[in-house]
Visitor: 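One structure is given below, represented as structure tokens, and several questions about it will come after.
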Amino acid sequence: MEEKQTKKVLTEQERLELAAQLDKDLDNFISSLEQRRYTEGWPEDRWEEEMAKHPFFMQNSPEPGQELSPLMEGLQQLKYDPQENTEQELAETYKEDGKFYMQHRKFRMAVLSYTEALRYKVTDAAYKAILYNNRSAANYMLKNYRTSLQDALKAVELNPGYDKARWRAAQCASALDRFDQCVELCDTILQHDPANTAALDMRKSCLARKATQERHTRKEARQEREKQQRWERLLSELQKRKVKFEERRAPEDESKLVPRLAPLADFMVSCDDDGVLIWPAVFCYPEFHTTDFHQELSEDVKMQDMMDFLFKEPLDCDKARQYRPNKVNVYYENRILGLAYLVDKSKTIRQIVAEKTFLVYQGTLTFYIVVKGSKQEEEFVTQKRIPIKIEY
């Protein structure tokens with residue numbers, strides 16, 4: 001016969017002792033655990049910053065080059081992993097990225113996103129047309145009009161009924177002043193939508209701008225022809241007079257005839273309708289180290305008449321009032337020979353320039369004025385001049 005076991009009944013004192021022992025054992029167990037600081041949580045002073053980095057709580061996408069959290073890296077890899085997504089899904093992912101960047105006006109990033117989307121083999125032509133048109137829109141905002149036009153036309157090629165892309169192409173063509181192409185695109189849009197006011201206005205604007213540009217082009221061509229005719233006439237007159245230049249050569253282009261003195265720089269020698277040469281000239285006063293500039297001196301003027309004009313009023317620097325039309329001599333220098341030559345004041349400028357020893361220097365006629373018989377004239381005439389050598 002099985003012996004019946006009875007449960008021992010603890011006294012009140014025994015229960016208190018047992019409870020105390022259990023508390024002591026629990027304390028010992030906790031004390032025996034490894035004591036270490038928890039470091040994987042969010043710091044109390046930066047919890048909002050850390051929370052904003054969490055992919056479930058962040059409000060803005062990470063910037064390019066920004067370090068990603070391990071969780072975000074994992075999500076990114078999952079999002080763009082070609083082993084986890086079809087080519088259509090990857091294209092759609094980059095398309096959505098492009099849309100996000102467009103909304104935030106980050107157009108360069110949008111271009112990159114749509115370019116990535118177009119790398120994948122998507123068979124739907126209409127879908128690819130959307131990608132090209134979207135990239136066209138991003139480039140348009142960056143004012144890359146040529147690239148934008150190419151993408152818009154590619155979108156129309158893939159989807160001939162895609163008037164949104166055709167309109168983008170028309171905008172680019174207008175911005176590039178490709179008026180005929182813009183009008184053609186607008187005409188196609190108007191065939192589908194005759195009441196499209198934007199296309200009507202752009203078409204009208206392009207035709208008006210084209211007419212203005214053509215008038216401007218014709219005007220420029222006419223001015224260029226006239227300029228060339230003036231230049232050829234000037235060269236012909238210079239050769240007819242056998243004008244000699246310090247370089248010992250006839251000028252090949254205008255740059256060799258442009259005066260280098262600032263007050264005369266805009267007054268190159270010219271030929272009027274009657275074949276008369278108009279020269280820039282400088283009159284120097286060695287005594288006072290000063291000059292007079294004459295921007296348009298006709299070759300028909302006599303030197304004596306020029307003196308009458310120059311000394312109609314006394315020179316400010318001539319305190320002794322010695323410089324008078326009939327009391328001065330005029331000289332020119334030949335720098336190659338190193339000599340000064342007295343000018344016959346009864347001669348015209350044309351006759352003086354035609355003298356064998358007269359050389360045009362830097363496109364300008366240069367004369368020196370001194371008082372007759374003065375010490376300054378003697379010094380000017382007798383001063384030692386070193387002949388210059390012209391290299392060809």
Side-chain angles (χ1 to χ4, degrees), residues 61 64 87-224:
S61 296
E87 299 231 338
Q88 177 68 48
E89 289 171 339
L90 289 169
E92 182 64 21
T93 294
Y94 283 108
K95 175 175 175 289
E96 290 301 313
D97 288 348
K99 179 180 178 181
F100 171 83
Y101 288 125
M102 287 292 287
Q103 290 172 341
H104 290 79
R105 304 186 64 80
K106 296 183 178 181
F107 302 119
R108 296 188 188 281
M109 292 301 298
V111 169
L112 294 175
S113 297
Y114 291 127
T115 300
E116 284 297 309
L118 286 164
R119 289 179 55 244
Y120 296 100
K121 297 178 181 179
V122 178
T123 57
D124 187 344
Y127 185 85
K128 290 186 69 174
I130 293 173
L131 294 178
Y132 275 109
N133 184 57
N134 289 354
R135 188 170 70 175
S136 173
N139 272 311
Y140 184 84
M141 299 304 295
L142 292 169
K143 297 185 179 181
N144 297 332
Y145 298 125
R146 287 181 176 79
T147 305
S148 179
L149 176 60
Q150 292 172 359
D151 277 350
L153 292 175
K154 182 65 176 179
V156 172
E157 178 186 333
L158 291 167
N159 183 3
Y162 199 0
D163 276 349
K164 184 177 181 181
R166 187 172 282 107
W167 173 244
R168 179 70 65 193
Q171 289 178 305
C172 294
S174 176
L176 293 168
D177 289 344
R178 298 183 182 181
F179 303 121
D180 292 338
Q181 186 178 26
C182 181
V183 169
E184 182 181 350
L185 290 164
C186 288
D187 285 343
T188 304
I189 293 172
L190 290 169
Q191 289 175 3
H192 304 158
D193 181 13
N196 191 315
T197 56
L200 286 168
D201 291 342
M202 180 170 285
R203 186 181 190 279
K204 181 179 179 181
S205 172
C206 276
L207 290 174
R209 288 163 56 204
K210 179 184 178 182
T212 300
Q213 186 183 75
E214 288 175 345
R215 286 196 301 271
H216 183 67
T217 300
R218 289 194 298 269
K219 181 180 179 181
E220 284 187 333
R222 183 176 67 255
Q223 291 175 338
E224 187 60 31

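Keep in mind the model is a prediction, meaning the values are calculated, not measured.
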Visitor: What's the separation between atom SG in Cys206 and atom CZ in Arg178, rounded to the nearest 0.5 Å?
Guide: 12.5 Å

Visitor: Nearest heavy-atom pair of Ala129 and Tyr162: which atoms, and what distance?
Guide: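 Distance-wise, the nearest heavy atoms are O-CE2, 3.6 Å.
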
Visitor: Rounded to the nearest 0.5 Å, what separates atom CG in Asp97 from atom NZ in Lys106?
Guide: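 These two atoms lie 12.0 Å from each other.
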
Visitor: Assert yes or no for the condition that the ring centre distance of Tyr140 to Tyr145 is strictly below 6.0 Å.
Guide: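 Yes; Tyr145 has its ring centre under 6.0 Å from that of Tyr140.
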
Visitor: For Asn133 and Ala165, work out which heavy atoms get closest and say how close.
Guide: OD1-CA, 3.2 Å

Visitor: Can you tell if the side chain of Asn134 reaches within under 4.5 Å of the side chain of Met102, non-hydrogen atoms only?
Guide: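 Asn134 does not reach Met102 side chain to side chain.
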
Visitor: Taking the side chain as everything from C-beta on, heavy atoms only, tell me whether Met202 gets closer than 4.5 Å to Gln171.
Guide: yes

Visitor: Side chain to side chain donor-acceptor pair (under 3.5 Å) with His216: which of Lys219, Glu214, Glu220, Gln213?
Guide: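 For His216, the side chain to side chain donor-acceptor pair (under 3.5 Å) test succeeds with only one of Lys219, Glu214, Glu220, Gln213, which is Glu220.
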
Visitor: Calculate, to the nearest 0.5 Å, the distance between atoms CG and OG1 belonging to Asp151 and Thr115 respectively.
Guide: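 Taking CG in Asp151 and OG1 in Thr115, the distance rounds to 7.5 Å.
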
Visitor: Taking all non-hydrogen atoms of both residues, which atom of Gly98 and which atom of Tyr114 are closest, and how far apart?
Guide: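 Reported closest heavy-atom pair: C-OH, 3.2 Å.
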
Visitor: Compare all side-chain heavy atoms of Tyr132 with those of Glu157 and state whether any distance is below 4.5 angstrom.
Guide: no

Visitor: Below 4.5 Å, heavy atoms only, C-beta onward: do Glu92 and Tyr127 meet side chain to side chain?
Guide: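 In short, these two side chains touch, coming nearer than 4.5 Å.
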
Visitor: How many angstroms lie between CZ in Arg108 and CG in Leu142, if you round to the nearest 0.5 Å?
Guide: 5.0 Å

Visitor: Is the side chain of Thr93 donor-acceptor paired with the backbone N or O of Glu89 at a distance under 3.5 Å, no angle test?
Guide: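 Confirmed, Thr93 side chain pairs with Glu89 backbone.
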
Visitor: Identify the heavy atoms of Arg135 and Val111 that sit nearest to each other, and give their distance.
Guide: CD-O, 4.0 Å

Visitor: Provide the closest heavy-atom pair for Ala173 versus Leu149 in the form atom of the first, atom of the second, distance.
Guide: N-CD1, 4.4 Å

Visitor: Less than 4.5 Å apart, side chain to side chain, heavy atoms only: is that true for Val183 and Lys210?
Guide: no

Visitor: Quick check for you: to the nearest 0.5 Å, what is the distance between Asn196 atom CG and Asp193 atom CG?
Guide: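 If we round to the nearest 0.5 Å, Asn196:CG and Asp193:CG are 4.5 Å apart.
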
Visitor: Any chance you could measure Leu118, atom CG, to Ser113, atom OG, to the nearest 0.5 Å?
Guide: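 Separation between the atoms: 11.0 Å.
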
Visitor: Inspect the surroundings of CD in Glu116 and state if more than 12 heavy atoms from other residues, nucleotides or ligands are less than 6.0 Å away.
Guide: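 Above 12, so yes.
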
Visitor: So that I can tick it off, tell me whether Arg166 and Asp163 are bridged by a salt bridge, with the cut-off set at under 4.0 angstrom between side-chain N and carboxylate O.
Guide: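 Yes, this pair counts.
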
Visitor: With heavy-atom distances below 4.5 Å as the criterion, would you say the side chains of Leu112 and Met109 are in contact?
Guide: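 They are in side-chain contact.
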
Visitor: Would you tell me whether Arg215 and Thr212 have side-chain atoms, one donor and one acceptor, within less than 3.5 Å of each other?
Guide: yes

Visitor: Any side-chain heavy atom of Ile130 sitting closer than 4.5 Å to one from Lys95?
Guide: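 With C-beta onward as the side chain, the pair touches.
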
Visitor: Which atom names give the shortest non-hydrogen contact between Ile189 and Ala199, and what distance separates them?
Guide: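 For Ile189 versus Ala199, the nearest heavy atoms are CG2-CB, 4.1 Å.
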
Visitor: Are the side chains of Thr188 and His192 in touch, meaning some heavy atoms are under 4.5 Å apart?
Guide: yes

Visitor: For the pair Arg209 (side chain) and Ser174 (backbone), establish whether a donor and an acceptor sit closer than 3.5 Å, ignoring hydrogens and angles.
Guide: yes

